[in-house]
Amino acid sequence: MSSGFRALHPFVIFIYYSGAILLLLFMFHPAFIVVAMIVMCAVNVLYDGGRQLWRWKKMILITSLLFVGINIFTSQRGSHLLWQVGDHRITLEATLYGMMMAGTIFLVLALFVSYQQVLTMDQFFYLFARITPQWALLSALAIRFVPLMKLRLEEIQKVQHLQHRGSLKSWKLKIKEKMKRLEVLMTWSLEGGLQTAESMKARGYGTVKRRTAYTLYRWRISDFLYFVFLSVLFTLCIWGWIHGLGRLEIYPVMENGALSMYEWIVLGGYLTYLSFPIYVEIGADA
Amino acid sequence: MKYSNALLGLILLILISVLVWMDPIDQSPLFISLLFVGLMVIPLLLRFERKQLGSKELVLLALLTAFAAVSRVPFAGIPSVQPTTFVIIVAAFIFGAESGFIIGAGAALVSNIFLGQGPWTPWQMVSWGLVGLSAGLLRQPLLKWKWIRLLFGFIWGFLFGWIMNAWVFLSMEEQTLTSFLAVYAASFYFDLAHALSNVFFLALFAKTWIRILERFKQKYGISNVA
Amino acid sequence: MTTLACKHVGFTYAGEEAAVLKDVSFSINEGEFVLLCGASGMGKTTLLRLIKRELCPAGQLAGTIFYGDKPLIDLPAAQAAAEIGMVFQHPDHQIVMDGCLQELAFGMENLGFSNHVMKRRIAETTAFLGIESWLSQDVQTLSGGQKQLLNLAAVLALRPKLLLLDEPTGMLDPIHARQFLDALKRINQDTEMTMIITEHRLEDVYPIASRVLILDQGSIGFDGSPIDSIQWMNAAGTTHRDWVPTVPAYALQLDPQLKSPPLTVNQGRRWLRKQINQLKEAPIELATAKAQVSKPFISIKRVHFGYHPEKGVFHHLHFQVSQFECVAIFGGNGSGKSTLLQIMAKLLKPKRGYVRYDKKRLQIGYIPQNPEAFFMHETVRDQIQAAVRSDEALLNDLVADFDLKQLYDRHPHDLSGGEMQKVALVTVLLQQPDVLLLDEPTKGVDPHTKKKMAKWMQYFIQKGRAIVCATHDIEFAAIVSTRCVLLFDRELVVSESPDVFFADNHYYTTVFARLTQGHDLNSAQLLKLKEMNHL
């Protein structure tokens, strides 16, 4: 599938994600976070029905509880009392803050999950191969090795399993076995890597100072327009942020949750920015 | 080499001053994470880029990075026990400080592709990067002694946890001494587990692994990667 | 026109006393397809690496290598990288990028080709090899054979004039190996590209090679046409004789004085037709030793298994292995041979049905598809000695027979594919399990060693044990197996004795069967021929 959002110039995609992460980190207001959560879920559903994101459910739950818990436990500030346990006050403010923090962490995770699905290695490579060719190749190689190593690890485990079926009782022996597995994987991979390096050299790696890139992405007028569009929205949001919009003031007195007119405008810009992949995708289908 | 050390020191200084100078709540606490890693990584990135690495060095670094990341897999069930720190220390011991940093920071980034990318990623990159960097800097002659090596692993078990705690602390709304202590006390057992597992791995496996990596260093024909 | 010439080339590895190559001289003309033979350790790989300048090992080089009319050293770096291409043994390790297209472009990117040129060359190369359909795929989804074709394509895209191939089919099953060699033949014929190949699978290379070089004791022992080389090998003692391909080997056994033995099955059948009358009648004495019937070691009943529920691998599968049996499992790639082995070892749990062992602690030995995963020790010595169960005599016999002493100090991962299989088999034989599960045990193994492996496997089952072996190697299975099984379309289609199995098949059968099928031979004549069965 290479239409819609993914078919845009990688630079535009990259800009979207860079901007999005900044906005997600900056905007610290329940309304903004809730809106962003809906949009990020929708973006994920758009690409794989949210399957990848769903894999993280346990982790998200634990981190969220942790953050809310820690905050309730350590902070007693705020005037809206929810509960009193002994002499510890649980306040609305502290709970809200913890939830907002948990929400932001979820948002970052969700953004990366969709990032990994949208920006292919090839596009990533294209973006960075010209600025930092060595880094680009290094990360491409490292990321390629990971699934390979995981498969090998499974294979080694199978052999080990047969060699001492259930005979390892103590934890020390179990850890030793796991480390042995890693040791075998390391020699196997390093031995193979030597050949990878030779195959690179045999095909002229390092002969010419400047490598060229096979994949070319054409920078179209539409890409330029999208870029301008995103920049305008981003600037709007940042302008709002500088003026205290999109941030909930909790102390000394909790700000009224209701949004002012300006805040509505910034929220609109924020929503439009984040849901960019969605309407580009829908527009392409129509 | 001296120049690079000075540069690294400078970066650390900047990072610390940024942390002190910024009032994390008024700004965005999580944004600092990003800034933090940016300041840390960009100069190193540029330094690394300027070197013309051969295919062997490049593949070796990529392999060890991926390996350090994947080494978390067999231990996925046990919290804070993972041999990644151990792998980074051993690799840095053989291949030097800068390689150590690259492998450490890279391992954090790569392993989070399958373990979940989040605001903690930059902090992990920095923590593991520093593990590699320091192991590489101290390898001659300090880490030659087994006991110092074990102590080094033990200290990093806690240090790693403490750096990671920093971001939890920074993202909390109330940054008082009690909340600070609360976070650090809560993580004590995890850090202890990490420290002890480092010691355990270093005591039992360092010798073999160093021998294996030493063999490959010769086989790859590499004197010092980076 | 001369493409390559070696003048008195010698080479000694750094830090070693003895020279690997002493005095090697030959010259190769444009368009020749040269097969480089010689027992392992004779320096075939070293010679290829000296020619592929970028990979020249550290050591002392004597003599001169000429590329065209200039010394190889004077060639500009970019030209050397592009014009002398090399394909290695291991399909996985050579691949750098994770997409096929990126992999194909990698070499050209290195040499700074423009985008336009790259596109054109990739289009051309992939169309020629017929691999366009998987261009957009991830490398990881390809089979070993496809990966090796991709590696070839990546080198061809640089338009080499000289192509070096270092055991390129060593890790492939026979079907894919054939495909790969066919592609080479076509390239050689269509473009006049010069090729030098080292190979174990001489069967398939012989008909396409135009010249054979045999390395012997550090210099060229033989240099001439394939047909003459067979005579030379046949006369040069057992180690060389085992390398003679099956068809000429049969012919030479019937008539050792034969001047030009047949090379292909086609030639062999025609030759045999003339010979039939000369085969003397022999007394018929069919010793059909009935295998002792005993309770099965492993029985599999009604097993369902699949990685993807919608396209399951097995559907209601029954299978048994008993004492004294060596079962060969055939089937295409992805038909589930490896899966079946792993289900038997209880490494994979079937969705339905059961796997039952005849005793609680049935010992199982298993060599996986990648033998690398099998080695848990740092040297071959440790690997083998850790496996010994009180039977020192067996250890000594195995080590002597497989000539393992010389590998003792090497790291197992350091060995070639064939050597790894050898060491893995020895290890697992020493462990003396009840049932031995082998996944492609002859991948990359030279004919000489293969013969020994067959001998030891037969010895093993005679001791009241069993072997199940997933393989593509028909000649090997024909010797070693007592039962053949064919997996197809989620089912076990055939299960019969090798004699019946191979006699009934037309393509999927031994060279022997292909030679004799349809000829008017009586059983005695067949038997006589068969006794000469050669690997």
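Keep in mind that the numbers below use all heavy atoms, side chains included, and drop hydrogens, waters and symmetry copies. Each chain gets a letter, A, B and so on, in the order its sequence line appears, and its residues count up from 1. Predicted, not measured: the structure shown is a model, and the values here were computed from it.
Closest of all the heavy-atom pairs between C/Y366 and A/L162 is CB-CD1, 3.2 Å. For C/A81 against A/G204, the heavy-atom pair with the smallest separation is CB-CA, 3.7 Å.
No side-chain heavy atom of A/Q195 sits under 4.5 Å from any side-chain heavy atom of C/Q89. Between C/E378 and A/E183, the closest side-chain pair of non-hydrogen atoms falls below 4.5 Å. For the pair A/R144/C/Q102, no side-chain contact is recorded, criterion being any heavy-atom separation below 4.5 Å from C-beta on. For the pair C/V96/A/T196, a side-chain contact is recorded, criterion being any heavy-atom separation below 4.5 Å from C-beta on. Using a 4.5 Å cut-off on side-chain heavy atoms (C-beta onward), A/L137 and C/F106 make contact. By the 4.5 Å heavy-atom criterion applied to side chains, C/N370 and A/R152 are not counted as neighbours. Side-chain atoms of A/V184 and C/H413, non-hydrogen and from C-beta on, do get closer than 4.5 Å to each other. By the 4.5 Å heavy-atom criterion applied to side chains, C/M108 and A/Y214 are not counted as neighbours.
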Report task. Start with the C-alpha distance between C/E372 and A/I156, add both sets of side-chain angles, then the distance that settles side-chain contact (heavy atoms from CB on, under 4.5 Å), and finish with yes or no. Result -> CA-CA 8 Å; C/E372 286 98 333; A/I156 301 168; over 6 Å; no
**Report entry** side chain to side chain donor-acceptor pair (under 3.5 Å) assessment of A/R211 paired with C/N110
**Finding:** CA-CA 5 Å; A/R211 297 185 80 229; C/N110 287 336; 2.6 Å; yes
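In this structure, chain A has heavy atoms under 4.5 Å from both the backbone and the side chain of C/E103. Using a 4.5 Å cut-off between heavy atoms, C/L111 contacts chain A through both its backbone and its side chain. For A/K180, the part lying near chain C is the side chain, with the backbone staying farther off; criterion is any non-hydrogen pair under 4.5 Å. Contacts between A/L151 and chain C at a heavy-atom distance below 4.5 Å involve the side chain alone, from C-beta outward. Interface residue A/M200: backbone and side-chain heavy atoms are both found under 4.5 Å from chain C. The parts of C/A154 that come within reach of chain A are both its backbone and its side chain, each placing non-hydrogen atoms under 4.5 angstrom from that chain. Residue contact with chain A, scored on non-hydrogen atoms closer than 4.5 Å, involves the side chain of C/F88 exclusively. Proximity to chain C is limited to the side chain of A/F125, based on heavy atoms less than 4.5 angstrom apart. Using a 4.5 Å cut-off between heavy atoms, C/Q431 touches chain A through its side chain atoms alone. Only the side chain of C/I122 comes within contact range of chain A, with at least one heavy atom under 4.5 Å from a heavy atom of that chain. Heavy-atom distances place the side chain of C/R49, and not its backbone, under 4.5 Å from chain A.
The number of heavy-atom neighbours closer than 6.0 Å to CH2 of A/W54, taken from other residues, nucleotides and ligands shown, is 12 or below. No more than 12 heavy atoms of other residues, nucleotides or ligands shown are found within 6.0 angstrom of CZ on A/F224. Residue-environment remark: NZ (C/K349) stays at or below the threshold of 12 foreign heavy atoms within 6.0 Å.
Counting heavy-atom pairs closer than 4.5 Å to chain A, the top residue among C/K119, C/M86, C/H90 is C/K119. If you tally non-hydrogen atom pairs under 4.5 Å between each of C/R53, C/Q140, C/M97 and chain A, the highest count goes to C/M97. Ranking C/M118, C/H411, C/K52 against chain A, the residue ahead of the rest is C/M118, based on heavy-atom pairs under 4.5 Å.
For A/T207 (side chain) and C/A78 (main-chain N/O), no donor-acceptor pair under 3.5 Å exists by modelled atom type.
For the atom pair CD (A/E191) and CG (C/D414), the distance works out to 4.5 Å, reported to the nearest 0.5 Å. Atom CD of residue C/Q369 and atom CD of residue A/E155 lie 7.0 Å apart, to the nearest 0.5 angstrom. Atom CG of residue C/D98 and atom CD1 of residue A/I143 lie 8.5 Å apart, to the nearest 0.5 angstrom. Between the CD1 atom of C/I95 and the OG atom of A/S199 there is a distance of 8.5 Å, given to the nearest 0.5 Å. Note that CE of A/M121 is 11.5 Å distant from CG of C/D138, once rounded to the nearest 0.5 Å. Note that CG of A/L216 is 9.5 Å distant from OG of C/S114, once rounded to the nearest 0.5 Å.
A/R203 and C/E109 are not joined by a salt bridge, as no carboxylate oxygen comes within less than 4.0 angstrom of a charged side-chain nitrogen.
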